[in-house]
Amino acid sequence: MADDLSAVAHFLYEAGTLKHTKRSGWWMAGVRDPESVAEHAWRTSLIASIIAKLEGADPARAAFLAVWHDSQETRTGDVNYLGKKYGTEADPQAVTADQTAGMPEVLASTVRDLIAEYEARESPEAVCARDADKLECMLQGIEYKAQGYENAQRWIDNSRGRLVTETGRRLADELLSQGSLDWLRAALGEKPA
């Protein structure tokens, strides 16, 4: 390969910082050690593929969008909704352009196009990926509430209210009707609690 991959290598190290970048909104709910941005993006991409498949969109594309949706937070950190009230939000497309500078153009343009598509919220896959982002936040809130963080209810309610796809709303209702360990009981053949 003739292209210089040094910028790609830099980005891969940079992307690793998302494993240590905490989702800061959860601190307001009292969560001492919230999930990382990388953990959030992983489950969001799974959810995006599920929603997209059930909505008739391309599940691989939706997952691709979702896995990259917070990649700019390597540079901006995770700015929660309250923080956004006091500062101008960094443009995700501008951050992505900086992150991909020097990469082979075939890769850089792909990543820039992904972020532009996600931010435009127009394609079926972007809509599914955005719903997945909200549904993952709701699901995380349910799990934190089960751990005793009662203030997570605000995140559960707000996230549920922002869902737009029929599948996202139906899945949210199903998640709300179950306990966070019902899956384990079912896998072990136990009766629901």
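- Here Arg169 contributes atom CZ and Lys134 contributes atom NZ; the two are 15.0 Å apart, rounded to the nearest 0.5 Å.
- Residues Leu107 and Thr100 are not in side-chain contact: their nearest non-hydrogen atoms beyond the backbone lie 4.5 Å or more apart.
- A distance of 5.0 Å separates CG in Asp70 from NE2 in His40, rounded to the nearest 0.5 Å.
- For the pair Asp78 and Trp26, the minimum side-chain heavy-atom distance is 4.5 Å or more.
- Across all their heavy atoms, Leu163 and Ala172 have their closest contact at CD1-CB, 3.5 Å.
- Under a hydrophobic clustering in which Ile, Leu, Val, Met, Phe, Trp and Tyr are joined whenever their side-chain heavy atoms come within less than 4.5 Å, directly or via other members, Trp27 and Val31 fall into different clusters.
- Nearest heavy atoms, Val8 versus Pro104: CG2-CD, 3.7 Å.
- In this structure, Tyr118 and His69 have tilted ring planes: the angle between them lies in the 30° to 60° band.
- Leu175 is listed as a side-chain neighbour of Ile142, based on a closest heavy-atom distance under 4.5 Å.
- Trp183 and Leu135 fall into different hydrophobic clusters, where Ile, Leu, Val, Met, Phe, Trp and Tyr residues are linked whenever their side-chain heavy atoms come under 4.5 Å apart, directly or through other members.
- Under the rule for a salt bridge (Lys or Arg N to Asp or Glu O under 4.0 Å), Glu166 has no partner lying at least two apart in sequence or in another chain.
- In this structure, CZ in Arg185 is found 14.0 Å from NZ in Lys191, a value given to the nearest 0.5 Å.
- The shortest distance between side-chain heavy atoms of Thr76 and Pro92 does not fall below 4.5 Å.
- Remark: Ile51 CD1 to Asp131 CG distance equals 5.0 Å, nearest 0.5 Å.
- For Ser123, the side chain to side chain donor-acceptor pair (under 3.5 Å) partners at least two apart in sequence or on another chain are Glu117.
- The nearest pair of heavy atoms linking Ala41 to Val67 is CB-O, 4.1 Å.
- Atom-to-atom distance recorded for Lys145:NZ and Ile156:CD1 is 5.5 Å, nearest 0.5 angstrom.
- Residues Asp133 and Arg130 are not paired through a salt bridge, judged by the lack of any N-O separation under 4.0 Å between the basic side chain and the carboxylate.
- Within 6.0 Å of NZ on Lys53 lie no more than 12 heavy atoms contributed by other residues, nucleotides or ligands.
- Legend: salt bridge (Lys or Arg N to Asp or Glu O under 4.0 Å) pairs involving residues 35-48, not counting sequence neighbours, sorted by first then second residue: Arg23-Glu35, Arg43-Glu136, Arg43-Glu143.
- Judged as a side chain to side chain donor-acceptor pair (under 3.5 Å), and not counting sequence neighbours, the contacts of Glu55 are Thr167.
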Arg112/Glu105 under side-chain contact (heavy atoms from CB on, under 4.5 Å): CA gap, chis, key distance, verdict: CA-CA 10 Å; Arg112 289 190 308 263; Glu105 186 54 30; 2.5 Å; yes

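- Thr21 and Glu73 are not linked by any side-chain donor-acceptor pair at a separation below 3.5 angstrom, with hydrogens and angles left out of the test.
- Residues Val111 and Gln99 form no side-chain contact, since every pair of their non-hydrogen atoms from C-beta on lies 4.5 Å or further apart.
- Other residues sharing the hydrophobic cluster of Trp42, ordered by chain and number and joined by side-chain separations under 4.5 Å: Leu46.
- In the hydrophobic clustering of this structure, Ile47 does not group with Leu65; members are Ile, Leu, Val, Met, Phe, Trp, Tyr whose side-chain heavy atoms approach within less than 4.5 Å, directly or through other members.
- Looking only at side-chain heavy atoms (C-beta outward), Lys22 and Asp33 come within less than 4.5 Å of each other.
- Across all non-hydrogen atoms, the minimal contact from Pro34 to Tyr144 is CA-OH, 3.2 Å.
- Residues Trp155 and Ala29 approach most closely at CZ3-CB, 3.6 Å, considering heavy atoms.
- With Trp68 as reference, Leu114 is the one residue of Thr110, Thr96, Leu114 to meet the side-chain contact (heavy atoms from CB on, under 4.5 Å) rule.
- Hydrophobic clustering places Phe11 together with Ile115 (ILVMFWY residues linked when any side-chain heavy atoms are closer than 4.5 Å, directly or through intermediates).
- If you take CG on Leu171 and CG on Leu176, they are separated by 9.5 Å, rounding to the nearest 0.5 Å.
- Tyr86 and Val79 fall into different hydrophobic clusters, where Ile, Leu, Val, Met, Phe, Trp and Tyr side chains are chained together by heavy-atom contacts under 4.5 Å.
- Sorted by first then second residue, the salt bridge (Lys or Arg N to Asp or Glu O under 4.0 Å) pairs that include residues 150-161, not counting sequence neighbours, are Arg160-Asp173.
- Across Ala57 and Cys128, no two heavy atoms sit closer than the pair CB-SG, 4.2 Å.
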